[in-house]
Amino acid sequence: MTTIERQSTDILILGAGGAGLLAALHALRANPDLDVTIAVKGLMGKCGCTRMVQGGYNVALAEGDSIERHFMDTIAGGKWLPNQDLAWALVNGAVERIVELENRYGCFFDRNPDGTLHQKAFAGQSFDRTVHKGDLTGIEIINRLMEQVLAQPVRRLEEHRAVALIPSSDGTRIAGALLIDMRTGDFHFVQAKAVLLATGGGPTMYLYHTPSGEKSCDGMAMALRAGLALRDMEMVQFHPTGLLAGTDTRMTGTVLEEGLRGAGGYLLNGAGERFMFDYHPHGERATRDIVSRAIFSEMRAGRGGENGGVYISMAHLGPDNVARDFKGMVKRCADCGFDLAGGLVEVVPTAHYMMGGMIFEPGCRTALEGLYGAGEDTGGVHGANRLGGNGVANSTVFGGVAGATMAGDIAAGLDLVAPDEAAIIEARDAVLAPFGQPAGDLNALRERLARLMWDEVGITRDAEGLGRAFSGLDQLDGELRRTGIGDSDRAFNLTWQDWLNLESQIMVARTIAKAALARDNSRGAHYRSDFPEPGDLAQSFFTTVRRSGENDFDVATEPVAFTIVSPGESLIEGEAAAPPAGPGATQPTRPT
Ligand SMILES: Cc1cc2nc3c(=O)[nH]c(=O)nc-3n(C[C@H](O)[C@H](O)[C@H](O)COP(=O)(O)OP(=O)(O)OC[C@H]3O[C@@H](n4cnc5c(N)ncnc54)[C@H](O)[C@@H]3O)c2cc1C
């Protein structure tokens, strides 16, 4: 019999990235007497992807730019699939949040000689609007936010992993969450008036991926188990240039930034040929989805390099210039034994960001009373594509909104409720189940999952491959359930944590495959070789997936509501909206 310790709090925040930290600060600003608890799988200030942000933060500040422009870029980039009210909240909120980050929390971003904020160009933007701190913007943001949070009476549960959202005894709302203290293996039930899901998604079930290692889509898996729907799950963004440093190194998959291609870097296949112009007139400067698909096509056609990837070559720009302009990237490559400034570095598209996630509304409430969502756990803000720079804006804007909304709802009467005791026991027993099984090779399962997702649910998809994915995922799930931990000690048991990671990843992988099969067209990050056309923009739909049984999911489609602007229109006077993404924009043209 494993006991479960109990505690209660006003607000329980799951995750300590930009979304979680901003939520804590805003809740306390609304009401300093609130008891706020942050539970986080990693160490606060050291985990999650917000800390990893390189390029920067999109916000319409400069003269000539406008929130309408930022909004239109977000809608066009998202191929008309974003929820427009969420996108509007993002672009408006970013203006307020960037001022707050600097003036209230002390972030200091790069400036122009006249003292205004420096804003750089990022792909898919009609205006240079990306605020940054060199190429390490996330460290500045997280360090300053951490200083603020540490100065507040926030309760911190570090290395505490949330494993289940627990409903109230009458089943009408959420009562709290079940956590594992990863240091001891003990269970904690934290009863809360409001719970924020901000665990940051993270497509770590792909062979090559960028997000921080502890992320495994736990939040989305918990939301599914709680009966909530996820939207846009087919939309997984690949960054074209992940480092291919060989097997057995965690550096493989990490991003070599977009600016390298922007500055004029070449992509070469295994034969040393530049190939991007065979696919798109913009060559290496085409958007992320197009470059990723082109690289994937070269790889599939057997035109890859030594390790199967392609090469990025910068030397023609002058090694000294490259070393000066891309200090961080050159150092990262040198640490792995590669010469970015003067030689060739092998790269591969790498799973970077999930546009999909839990359905939420602009105030960050969800369909389950007492549960709120913010950041990369949520879906709908970006549609089919996230613009570089809109990710950290998303997490910090909506994190702050969620904090204020939770405080407001508590002031309006949201209170502690009795949990469903049977649900707590059931969740604990499910998490303990692998201890009862004979030990097995979890690493082999993880590698098979990663390969399956890359091959069949990756950059290019078709119905046949997705069919193979479903049976592969069923098989992996069955094998996982028969595979145990091989140890009865729960303290710092990383094998147990790996098992739980795989469970979340497989469940969420299924929703990606389901949604990918339901979308019979190609938009943004989702490319179906059997349905290469984008479809009629006016008839745009988004997908939703919810759990209907142990391993069953219902998938549905819903029309996009053009609440602010319709295809063919623009909010910018005198400008028509970006033309529909025709096949030339989404489809590799070189036969493979
Ligand atoms: C290499 C890299 C570079 C990027 N560069 C940019 C950029 O230049 N511009 C941009 O806009 N975006 C960028 N992004 C995306 C951006 O980082 C994310 O969109 C955003 O920061 C996510 O914030 P978040 O708060 O939702 O999640 P995160 O910051 O990832 O935080 C998630 C938190 O949840 C915790 N957690 C996870 N599971 C659990 C669990 N079960 N229980 C409790 N806690 C849990 C984690 O430990 C972590 O603290 C980049 C991402 C990467 C990986």
Side-chain angles (χ1 to χ4, degrees), residues 17-19 21-22 25-26 29 49-77 87-148 257-264 285 321 324-329 381-382 386-401 570-575 578:
L21 296 181
L22 254 303
L25 293 171
H26 274 246
R29 197 186 320 161
C49 289
T50 307
R51 191 178 173 82
M52 298 165 81
V53 165
Q54 299 170 350
Y57 192 118
N58 288 348
V59 52
L61 291 177
E63 210 178 317
D65 199 6
S66 64
I67 51 171
E68 286 80 6
R69 240 178 219 292
H70 188 182
F71 176 79
M72 288 309 301
D73 288 345
T74 301
I75 299 300
W88 187 249
L90 170 78
V91 299
N92 271 282
V95 178
E96 180 191 324
R97 195 68 76 239
I98 208 78
V99 173
E100 180 186 340
L101 284 169
E102 277 217 322
N103 295 355
R104 184 177 275 267
Y105 305 137
C107 295
F108 195 71
F109 300 113
D110 286 6
R111 307 192 103 71
N112 297 310
D114 67 0
T116 55
L117 280 172
H118 182 258
Q119 295 186 270
K120 63 182 173 185
F122 248 30
Q125 304 202 99
S126 59
F127 214 91
D128 296 357
R129 67 168 70 94
T130 307
V131 170
H132 63 108
K133 167 92 174 177
D135 58 2
L136 296 173
T137 309
I139 292 179
E140 176 71 2
I141 293 174
I142 285 292
N143 284 356
R144 299 294 83 77
L145 291 178
M146 272 306 295
E147 288 163 3
Q148 298 295 323
E257 75 143 297
E258 199 144 293
L260 295 167
R261 286 183 291 118
R285 291 185 184 176
N321 299 335
R324 183 196 59 223
D325 295 343
F326 297 100
K327 221 182 271 176
M329 296 296 110
V381 180
H382 312 290
R386 170 184 69 91
L387 296 183
N390 268 1
V392 64
N394 175 45
S395 59
T396 54
V397 165
F398 287 106
V401 171
S570 174
L571 294 189
I572 304 158
E573 223 171 298
E575 282 188 21

| note | Sorted by chain and number, sequence neighbours left out, ring-ring contact (aromatic ring centres under 6.0 Å, His included) with His132 holds for His118
| With Glu257 via salt bridge (charged side-chain N to carboxylate O under 4.0 Å, His left out) - residues at least two apart | none
| Under 3.5 Å, is there a donor-acceptor pair between the side chain of Gln119 and the main chain of Val59? | yes
| request: Go through the structure and list residues passing ring-ring contact (aromatic ring centres under 6.0 Å, His included) with His382, not counting sequence neighbours. | output: Tyr353
| message | Just to verify, what does Phe71 make a ring-ring contact (aromatic ring centres under 6.0 Å, His included) with, not counting sequence neighbours? | response | Trp88
| task | Using a strict cut-off of less than 4.0 Å between a Lys/Arg side-chain nitrogen and an Asp/Glu carboxylate oxygen, indicate whether Glu258 and Arg285 qualify as a salt bridge. | result | no
| Residue list, ring-ring contact (aromatic ring centres under 6.0 Å, His included) with Phe398, at least two apart or on another chain | Phe360
| request: Locate the shortest heavy-atom distance separating Phe326 from Ala263; write the atom from each residue and the value. | output: CZ-CB, 3.8 Å
| Side-chain (Asp110) to main-chain (Lys133) donor-acceptor, under 3.5 angstrom | no
| Looking at residues at least two apart in the chain, or sitting in another chain, which of them share a salt bridge (charged side-chain N to carboxylate O under 4.0 Å, His left out) with Asp325? | none
| query | Where the side chain of Arg111 meets the backbone of Leu117, is there a donor-acceptor pair that is under 3.5 Å apart? | reply | no
| request: Indicate whether the side chain of Thr130 and that of Gln125 have a donor and an acceptor atom separated by less than 3.5 Å. | output: yes
